[in-house]
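Presented below is the structure to which this report refers.
All figures in this text were calculated on a predicted structure; none of them were measured in a lab.
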Amino acid sequence: MLTTQVAMDHRRPHPPNSSYHSHQSAYKRERDDGGGNPSGSKRFRPNHHQYQPGSTPGQNPLRSRGLSTRRELYERDFPVYRQPVEVGCFSLDSERRFFNDSRQMRYYVEPDGNPNFDLRDGYTDRFIKRDDSVKEKLDHILRWTMANRSKLKSRVTTASSCALDVDFVTWRGHLTKLLTTPYETREGWLLAVTKFGGTLYISEVETEAACRERENRTERHKEMMYWGYKFEQYTCAENIHSLPDPSGVVNTNEAFCTVVQTRLADHRLLFSGEVDCRDKDPNAPAPPACYVELKTSAEICTLKQRSNLHRFKLLKWWAQSFLPGVPRVVAGFRDHDGVVVSVETFHISKISHLIKNEYNCWKPTVCMNFCCDFLSFVKQVATEDNPSVVYLFSFEPHRDVTYSIHRDSQYSFLPHWYIEEMTRCRDSHHQS
C-alpha cells in the first residue's frame, strides 16, 4: 500500500505522483451520509482556551476546551493520507432495507454534447422521497461492520481481538464537514462521539438551525433538491449492457455505498459514503478509482459565476470525493428552468490547479490539517470507553470547536443490538 505525503506549496516542484493522486476533488448535494439524533441540541458558549493544532497527542489533554478554526494555523505541509482502499460495500433498497452487496450499483453513461435533460420531469408524479426526518445515525455502517468483522479484526491476537482495527468509524459526509470547517461561514454542526471497544464512533446530531431549515424549505428548494437525483437517472444505467431510463420513478431511499479504509497521519479511518455510479468500461480500475460522482449546478454565464463555482462548490465537491478516492465529478449545468444545457467533468487531481489563481481561495492543505487535528483533539477528549457516554463537539462559524460530555442522554447513538453483539464477541473470546 502506497503512503505518500504532499506539500501544497505551489512554489515548489513536485514529482507527478507526489500526493495520493496529487490532489483530488468532488461530491454531491448534501443528500449523502447519515443524519443525526433528533434535534434538541444544547447551546454552547465557546471557551477560548486553545488546543494547540499539531501538538503531540497526549500533551495537556484536558487543559483546553476548544479547538481553533483559524485557517492560518493549518497552513502546514499536507499530512500523510494513505490511498483509500475499498474493503466492502452495501446497498439500501426502495424501502431502505440493508443488503451486504452491490445490487444498487449503477453504471455511468456519458451524455452527448447537447443533453437538454428536463430535470423537472417526474417531480409531481414519479418521485418517492426518503423521509429525512428519520435519523439513521451510523446504523447502516454498523450492520456492514457486524457482517464483515473478519475483514477488520486486529492483527494483534490479544484479548481484544474482537476489536476493530481502526481508530474511527463514521460517514464520509461527517468527515467532509470537518474538511470544510475552516471555510464555513454559514452553518454550524454537532458531532457526537462515543468510544467503544477502543474505537471512536462519530455521528452527526441535527442542529436546531438545520432542523428549522429542513422543516421550512420552500417548494422551489424541494424541487431543486430533486433535480440532482433526476440528473442521475438521465446518466446512469442499471447494468453494463443497458441505457439510462428517465421514464422510471426516482426513489431516494435507494443507495449504493462504498466502505473504505485509510489513514490520515496516525488516525486509522473506516468510513462509508454513497456512490452515484461507476465507469462502464470493463477495463476501468478497481473501486474506488472507477467511481463517478454526479452533480448539478447553475449554468456559468459570467467570470464571476465561474469564480464562485471555484471558491464555494468545488470546495465541497473536492472534499467529498478526495476522501474516498473518487477520481472525477461530472457536473450537469442547468438553466433557471431545470434544463441541463451542458456537462463538464472535473478531475479531483486537478482542482487545486483550477483554484490557485483565485484570490484568497480555499486550500486543500488547510482542510486536511484541520481534520487531522480535530481527530487528535477527539482522541485527547473522548477517553472513557463506554457506549452510554457521548462527547458532543459543537461548531459555529467564526468560533472555536467546543465540547460537552453527556451520560445516558438523548445523544447516545450506538444501538443495543450492536453493543450486545460486539460485547458477546469479546466475552466469548475471553472464555476461549
Side-chain angles (χ1 to χ4, degrees), residues 30 32-47 51 61-62 64-67 69 131-143 145-146 164 166-178 181 184 187-215 267 269-272 371 374-397 399-423:
E30 298 235 300
D32 185 31
D33 304 357
N37 289 1
S39 185
S41 44
K42 305 231 189 297
R43 286 276 166 247
F44 302 105
R45 295 192 179 281
N47 181 321
Y51 165 83
L62 293 175
S64 58
R65 299 278 296 181
L67 174 67
T69 59
D131 182 354
D132 56 8
S133 69
V134 176
K135 302 306 177 189
E136 296 169 330
K137 298 166 253 190
L138 297 186
D139 288 12
H140 297 310
I141 307 171
L142 301 180
R143 288 188 199 284
T145 300
M146 275 179 35
L164 307 181
V166 295
D167 298 319
F168 293 92
V169 172
T170 192
W171 281 107
R172 178 267 314 275
H174 303 349
L175 295 174
T176 300
K177 286 199 171 178
L178 291 172
T181 292
E184 181 56 64
E187 296 176 359
W189 48 251
L190 289 167
L191 292 174
V193 176
T194 283
K195 188 173 187 179
F196 175 55
T199 293
L200 292 150
Y201 296 81
I202 304 178
S203 182
E204 189 173 15
V205 176
E206 187 174 53
T207 63
E208 290 172 6
C211 180
R212 281 196 304 273
E213 187 276 330
R214 175 173 55 78
E215 290 174 347
H267 308 302
L269 309 177
L270 178 77
F271 58 87
S272 178
C371 182
F374 175 82
L375 297 177
S376 296
F377 183 48
V378 168
K379 282 181 175 177
Q380 291 193 8
V381 168
T383 54
E384 186 175 344
D385 199 309
N386 181 344
S388 67
V389 175
V390 171
Y391 299 83
L392 193 60
F393 292 83
S394 170
F395 163 72
E396 291 293 335
R399 310 297 288 271
D400 295 347
V401 176
T402 58
Y403 70 91
S404 54
I405 304 171
H406 305 263
R407 209 171 281 274
D408 299 310
S409 69
Q410 81 262 36
Y411 299 118
S412 296
F413 61 87
L414 288 183
H416 292 302
W417 49 261
Y418 183 76
I419 295 167
E420 287 166 9
E421 174 62 21
M422 297 299 276
T423 304

Of all the heavy-atom pairs spanning [X] and [Y], show the shortest one and how long it is.
{"X": "Ser409", "Y": "His406", "result": "OG-CB, 3.4 Å"}
{"X": "Ser133", "Y": "Arg214", "result": "CB-NH1, 3.4 Å"}
{"X": "Leu190", "Y": "Ser394", "result": "CD2-CB, 3.7 Å"}
{"X": "Thr194", "Y": "Leu414", "result": "CG2-CD1, 3.8 Å"}

Report the C-alpha separation of Ile202 and Val169 in whole Å, then their side-chain angles, then the decisive distance to 0.1 Å, and conclude whether the side-chain contact (heavy atoms from CB on, under 4.5 Å) test is met. CA-CA 6 Å; Ile202 304 178; Val169 172; over 6 Å; no

Please enumerate all residues that pass salt bridge (charged side-chain N to carboxylate O under 4.0 Å, His left out) together with [X], with sequence neighbours excluded.
{"X": "Glu384", "answer": "Arg407"}
{"X": "Asp139", "answer": "none"}
{"X": "Asp132", "answer": "Lys129, Arg217"}

Any residue meeting ring-ring contact (aromatic ring centres under 6.0 Å, His included) with [X], in chain and number order, not counting sequence neighbours:
{"X": "Phe168", "answer": "His267"}
{"X": "Phe271", "answer": "none"}
{"X": "Tyr391", "answer": "none"}

Evaluate the side-chain contact (heavy atoms from CB on, under 4.5 Å) criterion for residues Leu175 and Thr170: first the C-alpha distance (whole Å), next the side-chain angles of each, then the deciding distance (0.1 Å), finally the verdict. CA-CA 8 Å; Leu175 295 174; Thr170 192; 3.7 Å; yes

Between [X] and [Y], is any pair of side-chain heavy atoms under 4.5 Å apart?
{"X": "Arg143", "Y": "Trp417", "result": "yes"}
{"X": "Leu142", "Y": "Pro415", "result": "yes"}
{"X": "His140", "Y": "Ser272", "result": "no"}
{"X": "Val193", "Y": "Phe413", "result": "no"}

When you measure from the side chain of [X] to the backbone N and O of [Y], does any donor-acceptor pair fall under 3.5 Å?
{"X": "Ser412", "Y": "Asp408", "answer": "no"}
{"X": "Thr181", "Y": "Lys177", "answer": "yes"}
{"X": "Trp171", "Y": "Lys137", "answer": "yes"}

Can you classify the ring geometry of Tyr201 versus Phe196 as parallel (below 30°), tilted (30 to 60°) or perpendicular (above 60°)? tilted

Where does the angle between the aromatic ring planes of Phe393 and Phe374 fall among parallel (under 30°), tilted (30 to 60°) and perpendicular (over 60°)? perpendicular

Would you give the length of the straight line joining atom NE2 of His416 to atom OG1 of Thr423, rounded to the nearest 0.5 angstrom? 11.5 Å

Atom NZ in Lys195, atom NZ in Lys379: separation rounded to 0.5 Å? 9.5 Å

For Tyr403, which of Leu392, Val381, Val378 qualifies under side-chain contact (heavy atoms from CB on, under 4.5 Å)? Val381

Option among Leu270, Leu164, Thr145 that satisfies the side-chain contact (heavy atoms from CB on, under 4.5 Å) test with Thr199: Leu164

Give the C-alpha distance, both sets of side-chain angles, the deciding distance and a yes or no for side-chain contact (heavy atoms from CB on, under 4.5 Å) between Leu178 and Leu191. CA-CA 10 Å; Leu178 291 172; Leu191 292 174; 3.8 Å; yes

List the steps, then state whether side-chain hydrogen bond (donor to acceptor under 3.5 Å, both in side chains) holds for His174 with Thr176. CA-CA 5 Å; His174 303 349; Thr176 300; over 6 Å; no

Tell me whether Glu204 is salt-bridged to Lys135, with the criterion being a basic N under 4.0 Å from an acidic carboxylate O. no

Full working for side-chain hydrogen bond (donor to acceptor under 3.5 Å, both in side chains) between Thr402 and Asp400: CA-CA 6 Å; Thr402 58; Asp400 295 347; over 6 Å; no

Might you work through the side-chain contact (heavy atoms from CB on, under 4.5 Å) test for Arg399 and Thr69, ending with a clear yes or no? CA-CA 7 Å; Arg399 310 297 288 271; Thr69 59; over 6 Å; no

